[in-house]
Amino acid sequence: MGPIIFAIAEHFEGKIRPITYELVACAQELQQHHSAKLMVIIIGDDIETMALEIAQTTGTDVLALHIPGLNSYNGEVYSSVLEQLIAQTPFTYMFIAHTTQGMDFAPVLAVKTDSACITGIEGIIFGNNRLSFTRTVFNGKAVAKMSSSTDTTVLTIQPGMFTVQDFNPDESGGIEIRSLASNTRLTHSMGLVRSRTDNQTITEADVIISAGRGLGKKENLDLIYQLADLFSKSAVGASRPLCDMGWLGYQQQVGITGLTVSPNLYFACGISGAIQHLTGIRGAGFIVAVNTDPNAAIFNMSDVCIVEDLTSFLPVFIEEFKNALS
Amino acid sequence: MFIVVQGQGRRKFNAMKILTCVKQVINLEGDIKLDPENQWIVIDQATDFNYNRFDEYAVEEAVLIKENFKNTTIDIISVGPERASAAIKRTQGMGADHGIHILTKAEGYISPFRIAGWIASIAKERHYDLILTGVMSEDEMQGQVGPTIAAFLGWPCATAVIAEKISPDRKSVYVEREIEGGFKDTLEMKLPAVLTIQTGINEPRYPTLTHMLRAKREKIEIIDAEQLEQPHPRQIMVEITPPRKMRSGLVLNGDRKEKAIQLLKILNERAIISLP
Ligand SMILES: Cc1cc2nc3c(=O)[nH]c(=O)nc-3n(C[C@H](O)[C@H](O)[C@H](O)COP(=O)(O)OP(=O)(O)OC[C@H]3O[C@@H](n4cnc5c(N)ncnc54)[C@H](O)[C@@H]3O)c2cc1C
Ligand SMILES: Nc1ncnc2c1ncn2[C@@H]1O[C@H](COP(=O)(O)O)[C@@H](O)[C@H]1O
């Protein structure tokens with residue numbers, strides 16, 4: 001058997017997460033430079049239907065590792081079953097989602113399999129006869145090109161970076177199901193708990209005015225609300241630190257661990273543009289950013305860039321807006 | 001009557017030994033310049049450093065555990081050039097006890113396998129109950145060092161932890177991990193374990209004067225990285241480049257009023273607002 005690329009499917013409460021298809025798309029891009037067979041692995045208890053869906057949608061072979069009783073992710077189980085599998089079927093590249101799940105077991109698996117581990121990759125580059133992978137560093141102010149110095153590499157893929165075209169396979173991929181026992185010695189899963197109910201106001205708003213740490217003082221939230229009031233169907237959003245500080249609720253947090261939004265206008269005030277935040281706003285129709293730092297990463301994602309102190313710019317803008325309306 | 005001393009023997013009953021990893025990073029609100037070879041950023045006299053904001057939550061969590069379990073000691077470890085000791089001092093100001101500095105010679109990228117390998121080799125000899133790290137470093141943003149340390153030590157690891165509670169017998173820890181979509185995952189792990197701490201789990205305190213004064217007297221233990229085993233780095237940083245623009249990014253010019261008027265005009269043209 002030739003070289004193998006594995007992609008580890010991510011699923012949640014019986015549904016395949018979209019990132020799984022992004023992993024396949026990304027692995028297929030890699031296959032253009034690295035001739036190897038791609039196989040998707042799905043791990044869990046009730047996974048047959050999902051395995052079938054992946055095989056039919058993508059045309060890729062799927063190996064379903066059936067673990068009785070494993071109803072949700074458990075890091076110890078994932079890394080131990082994958083380690084066992086890899087002992088029998090060596091791989092060259094393994095694609096894992098750069099999510100709170102993938103980030104939890106990818107580095108562990110890399111150690112267990114003597115692999116390199118490159119996390120949060122956003123692109124694949126082939127040049128000088130070698131493959132390298134790009135990832136954001138310095139809070140979005142630079143991009144690092146990484147490559148591996150080992151035979152096997154574990155990669156975690158930043159969500160939203162590899163677009164999924166229609167796979168249109170000629171035929172469905174094959175499915176193999178293997179049952180394995182899960183014996184966890186050190187960790188015991190106690191279940192998933194809902195911690196937030198998603199906020200309809202913000203996901204359905206046409207305009208989102210979002211505040212970040214650049215707000216400086218809680219009192220300045222008043223400016224954000226005043227601005228939001230001038231638009232119809234608007235809502236106030238936030239970057240994570242404001243929610244961590246309790247200035248706004250977590251149901252207003254935009255980003256990878258918050259909400260994904262796609263308003264007509266996203267107005268980012270004092271937000272640096274960390275990749276975890278940007279992931280939540282890719283679908284926005286128009287993005288305006290106000291930031292004192294001309295090199296803030298948010299400006300690379302903006303349609304209009306305003307290099308200003310928000311505490312002095314927003315009052316002027318609000319004033320002019322009111323004038324124009326009257 | 002005998003008092004049963006549990007764990008590694010020499011510890012006092014009810015004591016915990018915690019290691020917390022902290023990193024010093026450059027202040028990312030300032031300008032960053034790439035060096036001419038595109039290998040790293042330029043670091044000079046003017047460069048301003050912070051201690052990784054994500055690590056403050058890990059240090060605070062260690063201090064909270066110490067307040068709960070008397071006789072707990074908190075060791076802080078940092079890998080980096082001489083300047084990294086400033087980050088350690090700051091954590092001592094928050095209440096950490098002993099600082100360990102793995103001193104590297106130069107600035108530049110170090111593979112997380114190296115960093116984690118060095119930290120694990122130190123941790124192996126010192127019988128910690130718990131190792132805490134931040135969820136990621138602000139500069140490298142890999143989220144790797146914590147789980148990699150755990151894998152090297154064969155300990156369990158939970159990442160993105162937003163709540164933890166150590167069992168009264170100090171043999172296990174209950175943790176809640178933040179996951180996407182407004183859920184949290186709950187689990188229990190045997191100690192010793194590694195936890196990577198997500199922001200928002202607590203409110204990091206400011207260093208206090210008394211602690212800072214004590215920290216000034218405390219000696220940081222310095223270990224030369226070159227004296228340690230050199231784990232295979234496994235990955236190489238080929239180069240570092242400026243970011244790509246994802247959108248057109250029209251930069252508005254003029255004074256504030258002019259910018260405000262231009263923005264209104266653009267929003268009106270795009271039919272995002274409708275001005276009379
Ligand atoms: C696993 C994980 C998940 C995460 N999930 C999310 C998420 O879902 N959502 C999210 O937002 N973050 C998330 N984060 C955090 C993320 O990495 C960043 O730390 C966060 O987005 C930074 O928020 P910020 O831009 O408000 O703050 P900072 O990065 O501190 O930026 C503040 C900005 O304000 C500017 N500024 C300062 N003063 C002014 C002023 N007076 N006027 C105008 N501008 C000013 C500064 O130049 C700077 O650019 C996550 C992190 C991890 C590790
Ligand atoms: N050089 C370092 N010295 C000490 N701890 C580190 C170092 N680099 C990373 N860490 C720890 O590991 C966490 C994750 O870092 P990273 O894997 O670089 O994203 C950080 O929040 C720190 O707690």
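Since the structure is predicted, the reported quantities are computational estimates derived from the model, not experimental observations. A note on names: the letters A, B, ... follow the listed sequences, proteins ahead of strands, and every chain is numbered from 1.
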Against chain B, label A/Arg185 side chain, backbone, both or neither, depending on which of its atoms sit under 4.5 Å from a heavy atom there.
backbone

Contact residues of residues 33-42 of chain B (partner chain A; heavy-atom separation under 4.5 angstrom)
B/Leu34, B/Trp40, B/Ile41

Under 4.5 Å to a heavy atom of chain A? For B/Glu29 that would be backbone

Give a yes or no on whether the backbone of B/Thr159 and the side-chain of B/Arg177 come within a donor-acceptor separation of less than 3.5 Å.
yes

Heavy-atom distances under 4.5 Å only: say whether B/Glu138 touches chain A with side chain, backbone, both or neither.
backbone

Heavy-atom distance under 4.5 Å to chain B: side chain of A/Glu320, backbone, both or neither?
both

Between A/Asn295 and chain B, with a heavy-atom cut-off of 4.5 Å, which part of the residue counts as in contact: side chain, backbone, both or neither?
side chain

Less than 6.0 Å separating the ring centroids of A/Phe286 and A/Tyr266?
no

Rounding to 0.5 Å, atoms CH2 (A/Trp247) and CZ (A/Arg213) come to a distance of 9.5 Å

Segment of B/Leu267 engaging chain A (4.5 angstrom heavy-atom cut-off)
side chain

Does NZ or CZ of A/Arg17 come closer than 6.0 Å to the centre of the six-membered ring of A/Phe12, within 45° of the ring's axis?
yes

Need one label for B/Ile273: side chain, backbone, both or neither, based on atoms under 4.5 Å from any heavy atom in chain A.
side chain

For B/Ile266, is it the side chain, the backbone, both or neither that has a heavy atom under 4.5 Å from a heavy atom of chain A?
side chain

